[in-house]
Amino acid sequence: MSREAAVLLVGVDDETAEIACSALDKRWSVTTVKNGASAEEAVRKRAHTVIIVDWDARNFSALELVKSALGWNRMTSVLALVNSNRKKDATSAIDAGAMACLVKPVDGDDLASLVARAHEKARLNRELATATHRTQELIDAIGEFLASVSHDLRTPLAIMHGYAETLLHYGDKLDREKRAAYLNYIRDGSRKLTQQMAEFLDLSRKGVSVVSPEKIDMPRLVGEVFRPACEEERALQLEVQFEPEAQEIVTDKKRLTHALQYAISEALQHSADGSKIWVRGLRNGGGIVIHIADRKIDHASMTESNSSADIGCEEAQRMDENQEPNISITIARCILKVLGGDIWSHQNGDGYRLTFTLPKEYKPSKRNHG
Amino acid sequence: MKTKILVLDDEESLRLLLCDNLEFEGFEPVSASTGKDAIEIAKKDKMALAVIDIGLPDMDGWEVCRRLREDPSTKDMPVIVLSGSVGDEIHVLAKNHGVKHCVAKPYDCTELVELLKKIVAAKV
């Protein structure tokens with residue numbers, strides 16, 4: 001155990017302090033103070049995992065100190081030292097929130113054992129807090145994902161439901177050709193649903209695969225992924241421009257390719273045939289930022305209105321908050337977040353834009369492997 | 001003369017579906033697939049009501065509502081908004097844009113047309 005873990009002795013007599021220091025000093029950093037005010041000052045300077053307080057101290061209220069100490073830091077454990085003939089003190093210390101009581105004169109080994117337990121408790125509490133935080137993040141991500149799934153399933157469902165309902169209500173008013181068209185819409189809606197279900201399954205498989213970073217030429221990869229979708233399928237022109245410092249990154253090529261495919265499929269929904277798609281890659285702090293837009297992206301205007309460390313990202317994030325959930329963006333975001341990046345979409349009178357970030361070099365985090 | 005209803009939805013199949021239903025019920029639907037087109041149509045030709053989808057390619061449905069409210073010729077036109085979700089947030093946005101009716105997708109076409117008839121009747 002690290003000596004960095006700190007123990008604070010408050011108001012203990014000299015004899016007890018000597019026993020405590022002798023038992024604890026080799027494993028933990030021990031500080032001795034005389035009263036509650038000094039204890040508070042010591043705690044403000046440095047977090048203490050364990051506070052040992054003498055219940056017989058006359059120059060401050062041990063009871064108040066226990067209550068205050070737990071308010072200063074919920075991870076702190078308090079041990080109370082009491083006299084053998086005053087069981088009532090032990091009861092009030094425990095009631096106030098002390099982890100345990102030791103009867104004076106204290107046994108050094110007993111004290112060391114209790115302090116070790118208090119440190120273990122603090123460690124477990126920290127792990128629990130981290131796990132709770134991660135769980136909340138996961139719940140939020142699932143919520144966001146479900147909202148997108150729900151939203152994107154609504155369109156094909158609305159198509160199938162609406163045309164089936166209209167066939168039932170107005171079937172006699174429809175000619176043969178119109179009925180056939182309605183049935184085609186219902187069939188297309190079911191195909192779209194099937195395709196979306198396949199995408200969800202695909203995403204669930206990607207979610208558990210291992211990240212394999214490699215050096216990637218971004219303009220080249222963007223061109224490889226975007227050109228067939230833009231130029232061959234939709235007769236859209238594509239202009240790709242990357243700053244020299246944004247051209248090379250180290251990340252998982254397969255995952256990034258999937259994210260780019262989802263991003264371009266979404267961008268194409270907002271572009272008319274024969275129009276143009278602009279892609280700009282810029283260096284952004286420790287990473288790169290890429291803008292995909294159906295209007296020319298003016299680098300000068302972006303750098304004038306934003307600091308060099310935020311080339312349009314904050315604006316994109318803020319505007320994305322007003323967008324309806326979208327499954328392609330959500331899937332791309334899930335993939336990019338695994339790689340340490342993010343993506344935002346927004347549209348306004350000036351057109352549609354996707355903005356995404358990636359670190360220059362993928363670094364595994366505990367979260368990614370947790 | 002038939003009552004004109006503006007239908008704004010970028011999803012062609014849903015736009016045609018609603019237009020067909022409106023025709024069956026004796027209305028004259030006028031359709032648009034972008035916010036820009038819808039605003040132009042509404043300014044040129046008086047519409048009894050507009051049905052506006054929120055997710056559009058050029059601008060969102062709220063922006064269309066805002067621009068319609070700004071123009072004296074369209075500011076009083078009732079609007080029904082179609083949205084993927086109809087939670088508290090949507091109702092707040094609707095109120096801020098002078099929209100009294102929000103319908104969640106997937107909607108029931110018959111119910112939507114019934115709502116539309118009531119609004120048009122109340123206006124007359």
Side-chain angles (χ1 to χ4, degrees), chain A residues 146-175 178-179 181-189 192-193 266-272 275 294-295 319 321-327 329 345-352, chain B residues 7 9-26 29 33-37 39 51-67 70 81-87 89-90 92-93 96-97 102-114:
Chain A
L146 288 178
S148 299
V149 170
S150 159
H151 177 266
D152 275 58
L153 294 182
R154 280 172 201 266
T155 299
L157 270 177
I159 291 168
M160 291 192 291
H161 179 89
Y163 279 103
E165 190 188 41
T166 308
L167 273 171
L168 282 171
H169 274 82
Y170 304 105
D172 53 341
K173 293 183 181 176
L174 301 169
D175 58 29
K178 199 94 177 174
R179 269 201 296 271
Y182 278 26
L183 290 169
N184 274 331
Y185 281 128
I186 294 171
R187 186 196 56 197
D188 291 348
K192 193 167 182 183
L193 269 181
E266 180 53 26
L268 292 180
Q269 302 278 326
H270 300 267
S271 305
S275 59
D294 57 4
R295 298 279 188 285
M319 296 184 80
E321 284 167 10
N322 296 324
Q323 300 295 302
E324 290 212 342
N326 173 290
I327 194 65
I329 297 298
S345 69
H346 61 87
Q347 60 184 14
N348 54 25
D350 297 328
Y352 183 80
Chain B
V7 177
D9 197 324
D10 64 317
E11 184 69 45
E12 188 193 15
S13 50
L14 286 173
R15 196 172 65 241
L16 292 177
L17 173 67
L18 184 54
C19 287
D20 279 358
N21 273 268
L22 289 171
E23 269 181 31
F24 294 145
E25 291 298 321
S33 59
T34 66
K36 190 171 168 260
D37 288 352
I39 291 164
V51 182
I52 296 175
D53 183 34
I54 290 300
L56 296 167
D58 57 341
M59 62 183 89
D60 73 23
W62 299 118
E63 178 63 15
V64 178
C65 293
R66 192 184 65 75
R67 294 190 191 187
E70 275 177 2
V81 152
L82 306 176
S83 170
S85 57
V86 182
E89 261 177 56
I90 298 292
V92 171
L93 278 167
N96 292 343
H97 290 83
C102 298
V103 173
K105 287 182 188 173
Y107 51 82
D108 186 308
C109 243
T110 317
E111 285 176 16
L112 178 60
V113 173
E114 284 307 312

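Throughout, protein chains are lettered first and strands after them, A, B, ... in sequence-line order, and every chain is numbered starting at 1.
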**Complete:** Here the pair of heavy atoms bringing A:Tyr163 nearest to B:Leu17 is OH-N, 3.3 Å
**Item:** Region of B:Thr110 that comes under 4.5 Å of a non-hydrogen atom in chain A
**Value:** both
**Message:** Rounded to the nearest 0.5 Å, what separates atom CD in A:Glu165 from atom CG in B:Asn21?
**Reply:** 7.0 Å
**Message:** For B:Asp20 and A:Tyr182, which I'm curious about, is there any donor-acceptor pair between the side chains at under 3.5 Å?
**Reply:** yes
**Item:** Proximity breakdown for B:Phe24 and chain A, heavy-atom pairs closer than 4.5 Å
**Value:** both
**Check: B:Glu25/A:Tyr170 side-chain N/O donor and acceptor closer than 3.5 Å** = yes
**Request:** Would you mind checking which part of B:Leu16 comes under 4.5 Å of any heavy atom in chain A, side chain (CB onward), backbone (N, CA, C, O), both or neither?
**Result:** both
**Asked** Given a strict heavy-atom distance threshold of 4.5 Å, which part of B:Asp108 is in contact with chain A: side chain, backbone, both, or neither?
**Response** both
